[in-house]
Every structure is written in C-alpha cells, then in structure tokens.
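For the numbers below, each heavy atom of this structure counts, side chains included, while hydrogens, waters and symmetry mates do not. Reminder, nothing fancy here: chain letters follow the sequence lines and each chain counts from 1.
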Number of protein chains: 4
Amino acid sequence: MSTEPARRWSRRSDARPDEILDAALEEFEAAGFDSARMEDVARRAGISKAGVYLYFDSKEALLKALIRREITPVAARVEVLAKAGEADPAVALKRISGVALLLLAQPRIFAIPRLVISISQRFPDIAALYRTEVLDRLRAALTGLIRSGIALGQFRADIDPELAIRTIAGPIMFEALWRNVLSGAPAIADPVEFARRHIDYVLHGIAALRP
Amino acid sequence: MSTEPARRWSRRSDARPDEILDAALEEFEAAGFDSARMEDVARRAGISKAGVYLYFDSKEALLKALIRREITPVAARVEVLAKAGEADPAVALKRISGVALLLLAQPRIFAIPRLVISISQRFPDIAALYRTEVLDRLRAALTGLIRSGIALGQFRADIDPELAIRTIAGPIMFEALWRNVLSGAPAIADPVEFARRHIDYVLHGIAALRP
Amino acid sequence: MSTEPARRWSRRSDARPDEILDAALEEFEAAGFDSARMEDVARRAGISKAGVYLYFDSKEALLKALIRREITPVAARVEVLAKAGEADPAVALKRISGVALLLLAQPRIFAIPRLVISISQRFPDIAALYRTEVLDRLRAALTGLIRSGIALGQFRADIDPELAIRTIAGPIMFEALWRNVLSGAPAIADPVEFARRHIDYVLHGIAALRP
Amino acid sequence: MSTEPARRWSRRSDARPDEILDAALEEFEAAGFDSARMEDVARRAGISKAGVYLYFDSKEALLKALIRREITPVAARVEVLAKAGEADPAVALKRISGVALLLLAQPRIFAIPRLVISISQRFPDIAALYRTEVLDRLRAALTGLIRSGIALGQFRADIDPELAIRTIAGPIMFEALWRNVLSGAPAIADPVEFARRHIDYVLHGIAALRP
DNA sequence: AATGAATGAGTATTCATTCAT
DNA sequence: AATGAATGAATACTCATTCAT
C-alpha cells in the first residue's frame, strides 16, 4: 500500500513507545502501579528491561505518559457526542450513558480511572491532569447539555446542572466499579439496556407521583 | 473505677491491635497499600517494627484485618436506618444519602473503598469480603426499602429495585470520588443539602414533564 | 577483665560502624571509591549488604564517615609534636618528617589522601573537610614551628613560613606518592634516614656555597 | 593552502581520535574515570556513542590512549630544558621549576597525574607506563643536572642526587596538589615567584647558619 | 510483651558495549 | 565513517520479615 522502501525493522522505533504503553497498561491493570515490575512491562513489550528506559525516564514517567495517552480521546469523544446531541439533550444523555458504560465495563478502559483513584494521593499532578483533561471537559459538555435541555423545555428549570450531571454519571460509574472491582457481584446485564432504564429513572424519577 | 483485677503491665496490650490498625489506616491512606512501609505503620503506632508482627502475621494480614474492622459497622448502620425507615422509605433514602456522603467525604473513611478499589485484582478475597459484608448487605437493605416504597405506593411499580439503588447510591459515590480523588474539583458544598436535592431529582426526575 | 555480664553478641553493635569503616577503607583502597562495591564492603565486614545501610545512609555517606574518622587523629598528632618541639624547631621538623613518611608509606594510610585527591572534584565538601581538618591545622602547626625557629635564630629571618612548609612537606608527600602510586619505582630505603637527609638539605641547602 | 590531495569526505577523520581524547580528558577531569560516562565523552566530542568505539576499543583503552598522548611531550620537554641547562644547573632548576608549576597549576594538565594517582591500583600497567615514560625520564634528566652541578662545584658534593630531586620536585607537586585538590586553600600567588624562592630555599637552606 | 539487629529477596535504574543499517 | 536502537550485566538501595535477647 506504500511505496516507501521497506525499512523492515527500524520502523519499530516509532511504534515502540506505544507498544510499551500498551504493555504498561496491562501490567498496571493486573498488578497495580506499585506492584507492577518494569521487567514485566519490558517483557510484555518484547524488549529488554533497559529498552523501556530508552523511551521513558522512569516508572513514574511511564505512568504519566500512559495516563496522558489514554485520557486524551475520552473527553473529546464525549464533547462530540454532546455537541451532536444538543438538539435533543434527553436522547443524547441516553446515548452517552450507554457508550460510557460500554466503555467503562471493559477492564482495560476502567484501568485508567482505577489507577487515578489509587495513586491520586501520591501523584497529585496526575490527579490534576485527569481533572482538567477529562473531568472538567466532561462537566462542561454535560452541563451544557443540561442547560440546552432546560432551554428547550425538556428539563425542569429549577435543577442545578452541576448536580444533575452527578445524577446521570454517578450510577454509570457505580455500575462500572461494581463490575470491575467486585467480581461476582451481580451486574445488570446489558449496558445499553442499563442506560435506557437508568435515564428513564433520572428523567422521570422513581416516585409514583410528582410532588 | 473499674472492678477488673489489676492487670499490672499489659494494660495497653488489648488496645494495641486497634492502635496498629489506626496507624495502618493512616499510612495506607496516605501512601497506598504497596507504598506504605511497615516501619512507618509501627512508628505511627508508637511501637517497634517487630512489634507489629506480634499482632499481625504479615502486611497483607494487616490490610485484611483493617478492612474487616472498618467494614463491619458500615452495613450494620445502614441496615438499622433502613429498618427504621420502612414506614417512609422516601424520607429514609434521603436520610441515608446524607449520612453516606457525610461519611464518605471524610478521607479516613473513603480510604477503605479506595483501598478495595486499588487492590481488588491482587487480593480477590478482600474484594469478596467487601462485597459480602458491605455491598450485599447494603443492596439487600436498600432494595428492601425500595420494595417497601413500591408496596406503599411511594415509588413507581415498574422500577427495578436493583437498578434504582444504583440511581440512588451512584451519585453519592461519584461525589465522594470527586472530593477525595480530584482535589481542587468543585464539590457541592453541603452533603446534607446535596442529599436533599439529589433525592429530589431521583424521586421526581429532572424532566420537565412526565412521559 | 570486666565484671559486666557477658553480653555475648549484641555488643557487636557498638563495634559495627568501625568494622564497616575498616572494610570500606580496604575496599576503597583496593578498587577506588567508584569501583568498590557495597556488597564487597559488607562481605568484608562480615555482614549482609543491607546491614551496611543500618549504619550508613549511602555509599557517599560511608565515604564521608570514613574520611572523617581517619582524618581526626592526624592533625592532632602533628599539633602535639609541633607543640612539643617548639624548644628546638629544627629537631622537631626532622622528627615530624620521619613520622609523616613512616605513616604515608603505608598503603592503608596513604589511601585517604589518595581518595581525597581522586574525588575532590565530585565531592567538594570532602575536600573542604580535609582542608580544614587536616591541612589548615598542619599549616598552622608547621608555620608556627617555623616562626619559633626564626625567633630562636635557628632559621633565616627572611624566609616565608608558608613557603617553607612546602619545602619541608613537599618531598615527603612526593616520596609517598612515588612509593604508593608507582610501584616498582626506586624508593629511598629507610623513611627515617630519608627524613634525616631531607631535613639536612632543607636546612642547609644543596648549594656548595651560600650566596 | 595545503598541497595534500583532496580527501573528499573523511577530512575530519584523522582529527577525530584527538577530538575524542580531548573530550575524554575533560570528562575524566570533571568526573573521574569511573564516574565519567562514555555517552558524555561522545557528546562532548560531537559524535555518537557508538562513534567512540570506531577509534577506541573500550573505555579502558580510551584512558590508556589519553594518558599516552598526554605523557609523551612532558618528559621530552624537561629533557630539553635539562640538556640546555647543563652549563648552569642552578639556573636551569629554577627555570624548570617555574615551568613545571605553571603547567601543573592548570587543571587540564594536572588531570593526568590525578588520574594516574586514582587508578594506579586498578591499572598497574598505566602506572608503569607513567613511571617509565615520565618519571624515569624526569629522574634521569634531573639527577643528571644535579650531577653536573656537583661537577661544576655549584652543589655540595655530598648530596644524593636521587634525594635532591625530591627536594626540588616535591614542593612543586605539593603546591599543585594544594591548588587543584583543595580549592580554597591559599596558594602562593605567582608560580614563577614561587619557583624563584623555592629554589633559593633548596639551594641555600632555610637555616640561619651553615652547620 | 517488646525490640534492636540483621538479612534475603527483590527492584528500579545505569552504562559500556554491540550491531544492523 | 557513522549512528540509533538495543541489551546484558551490574549495582545501590529497599523492605517485609525473623530472631536472639
């Protein structure tokens, strides 16, 4: 497909950092950051122990690079969905919820929030990065959606968007924790079905009557 | 003041395990399980490194004992609240939510779920313990409350209690994560106020109109 | 000889730091600071690798402690000799020269100046320590002796004591270097005889006639 | 400007070894042999790490080549001066002393003796090289000068030339050590002035009276 | 009950050296 | 001639755990 002369091997070099990050993700996911051994990361990446240090200065740098890499597309995706859904915020929220749970139900994806939760005390800058790059952008996108919904008359005018997004996102995260942390806990089967009913409750409440 | 026979020397002795667990909680909270050093736990407990091993077989045993100790009263408390609230489940849920967030907002209390989240892969039995001792009992208590509410006509008859409790608990946990993990993130000021409005949304929904 | 109850083993603890420093001296002497391995120091001291770190924080700390220990008595000894020799500075200088060469001819003693020479660029504080604790005190003692000699009419009134001590000490150090660094180089046999004639030259000059 | 045939490409090529040796000298001077990194030598020489190995087989080989290069002109120069000074050995000694201190006061030049002192135990052949190429030739030149002086009646007939050269060279080396090792130590200002007075003391002694 | 001393088994990191290109 | 990529071997330092006292 390409006419470049075959650079057979040294092309690896461009791919290496990503291969290493993949390996790190898997090791960190399985063992946690502290308990994961650089040697295992290296072996999984198919290179020597010293090879990792060609691309990352230290274990901590590896962690930070990993989180940075994984973080970037997340909020971007939600922002796109949010933008696209401004015409019908209620539907958009349902869609976003389904996608979010679908993703967070996967151990490899849940691994990043889990890492952030685990090490946020020791590496506050990682927590800060996650907050600014992921959560602040998510918050902005979702509260925007809520406000659009209010403007459109879809949502009650008296709700606080800041709190409403917790009402929406909380159960998603809760279910993701449930599935990933407490293996054996009964998960509600289908993420999409989960999202559908979840949004029903959030939109219309669980009370039998309006006050 | 006490009628106990004078216990000459080892008066402290029965307090020791708890002092050690207190110390462990603080160290684990600050550094995480792996990164915390037994020496620091010992120092914080005011005894020698070897002294810890008089009461706990290993670091892992210390962790398990800690989690067991912290776990026990939690579900019990919720069960009591749930029982007491069966007459008015909606009010009970509001009360429980407030208490839960009040507790989980405290770093020392949040430390336990955080630890469980961090090490659940490596110590599945700890995760299992947490599930059976805390979450299963919480689930039972809360779904019971939901069912009572349905029976009383407070809640819609078509809701799934299992999902409904996620709708209730999720935002609480989400806010707790927000506060404890992402320092600097804007938290909604008063936990009790949070709970009041949160339950309003959950009960009556955020949509402007019922479908 | 002592009536203390035999504390058989744990008495070692008091001796340990010195044993380790002895071992370090030997390893550093043989291999140089960088090339010496902590493991070898430990083995030579008869303890485990980790044992060394019970007494010294790092390899660098070990080096500094070693130099500090070895340094202390040196200048003190010279000061005593200088004080004692003020009545007859010329004789005192001869005696001090003999002792100095006798000592510096021993590899274990020469090892310290050699270490200082080797690492002075990288650890300027060690060089500074050596200067203030050894050389400044030596300088003070020896220039004092020179001045006494001038006052007594033993030495020419027009000499600069600061330079004169180099005339005295230089050849001693030179011979020590010769012996310790350039194995196989012809050393002048007896240190005491060396000192005797060396001082003759220094006192009376090598010229056939006074100017 | 040169009549050499155009050497298309590798014009630099024959300068490379010397550039590398210059770089090595600087790195070894700053960090010591063990602590200096080949990578830094390479970078300072403006080539890649692997490039160094095109010209030198190993770090040790680099050290040896460096010492060999630096050593060669030294003794030669002294031999020339000695030869030239045979007519008036006393004056020649003064001149040589001044030049020697002038050179040894320069860190880049002192670096070589310092390296030899540092690693003589581990690389005895380097020490041997230094001895045969530098010191033995110096000794021969200087003792020759002394003997000439005796023959001319400039110097006392009863002095041992072997020892007399230590009396001459020792203070020079001592002052060089002082300046290079113990930064901050008071050095006697002008090397030439130092040499002038130093030789005065050596020739005529510091004693007030001849015995 | 309590601990100071000791250690075995790691573990991150470094660096001289090699080699395919 | 030159190098970017890679690594094997090493090494300082750590820490949970043990044990004699």
Nearest to side-chain heavy atoms of D:Lys59, which nucleotide of E:dA16, E:dA6, F:dA16
E:dA16
Validation row, ring centre D:Tyr130 to ring centre D:Phe123 under 6.0 Å
no
The nucleotide from F:dG8, F:dT18, E:dA12 with an atom nearest the side chain of B:Tyr53 is F:dT18
Range-with-range stems for DNA chain E, at least three Watson-Crick or G-U pairs under 3.5 Å
E:2-21 with F:2-21
Listed nucleotide nearest any side-chain atom of D:Ala50, set E:dC19, F:dT17, F:dC15:
E:dC19
Taking atom P of F:dA9 as reference, at what distance in whole Å does atom CD of C:Glu39 sit?
17 Å
Considering non-hydrogen atoms only, spot the tightest contact between D:Gln121 and C:Arg114 and give its length.
NE2-NH1, 2.6 Å
Does any residue of residues 20-33 of chain B have a heavy atom under 4.0 Å from DNA chain F, and if so, which ones, in number order?
none
Tell me whether the OP1 or OP2 atom of E:dA5 has a side-chain N or O from C:Tyr55 closer than 4.0 Å.
no
Taking CZ from D:Arg37 and P from E:dT13, how many angstroms apart are they, rounded to a whole number?
15 Å
Map A:Ser58 and D:Glu60 onto DNA chain E by nearest heavy atom, then report which one ends up closer to the 5' terminus.
A:Ser58
Would you kindly compare C:Lys49 and B:Met38 by the position of their nearest DNA chain F nucleotide and give the one closer to the 5′ end?
C:Lys49
With nearest nucleotide decided by heavy atoms, which residue, A:Gly51 or B:Ala36, maps closer to the 5′ end of DNA chain F?
A:Gly51
Between A:Glu26 and A:Arg44 (salt bridge meaning N to carboxylate O under 4.0 Å), is one present in this structure?
yes
Rounded distance [0.5 Å steps], NZ in D:Lys49 versus CZ in D:Arg37:
8.0 Å
Rounding to a whole Å, what distance do you find between A:Phe56:CZ and E:dA12:P?
16 Å
Length of the line joining A:Arg43:CZ and F:dG8:C1', which is rounded to integer Å:
14 Å
Working for side-chain contact (heavy atoms from CB on, under 4.5 Å), residues A:Met38 and A:Tyr53
CA-CA 10 Å; A:Met38 288 297 266; A:Tyr53 288 89; 3.5 Å; yes
F:dA12 P sits how many Å from C:Leu63 CG, rounded?
13 Å
5′-ward residue of the pair A:Ser35/C:Ser48 relative to DNA chain E
C:Ser48
Tell me yes or no: between the side chains of A:Ser48 and A:Arg43, is some donor less than 3.5 Å from an acceptor?
no
With a 4.5 Å heavy-atom cut-off, do C:Arg122 and D:Ser35 have their side chains touching?
yes
If the threshold is 4.0 Å, N to carboxylate O, is there a salt bridge linking C:Lys59 and C:Asp34?
no
Are side-chain heavy atoms of A:Ile112 and A:Leu25 found at a separation under 4.5 Å?
yes
Whole angstrom value for the distance that separates C1' of F:dT3 from CZ of D:Arg16
12 Å
May I have the list of side-chain donor-acceptor pairs in residues 62-69 of chain D shorter than 3.5 Å, sequence neighbours left out?
unit_1: D:Lys64; atom_1: NZ; unit_2: D:Glu60; atom_2: OE2; d: 3.1
unit_1: D:Lys64; atom_1: NZ; unit_2: D:Asp125; atom_2: OD2; d: 2.7
unit_1: D:Arg69; atom_1: NH1; unit_2: D:Asp18; atom_2: O; d: 3.4
unit_1: D:Arg69; atom_1: NH1; unit_2: D:Asp18; atom_2: OD1; d: 2.5
unit_1: D:Arg69; atom_1: NH1; unit_2: D:Asp22; atom_2: OD1; d: 3.1
unit_1: D:Arg69; atom_1: NH2; unit_2: D:Asp22; atom_2: OD1; d: 2.7

CD1 of C:Ile47 versus P of E:dA5: gap in Å, rounded?
12 Å
How long is the line joining CG of A:Leu54 and P of F:dG4, in whole Å?
11 Å
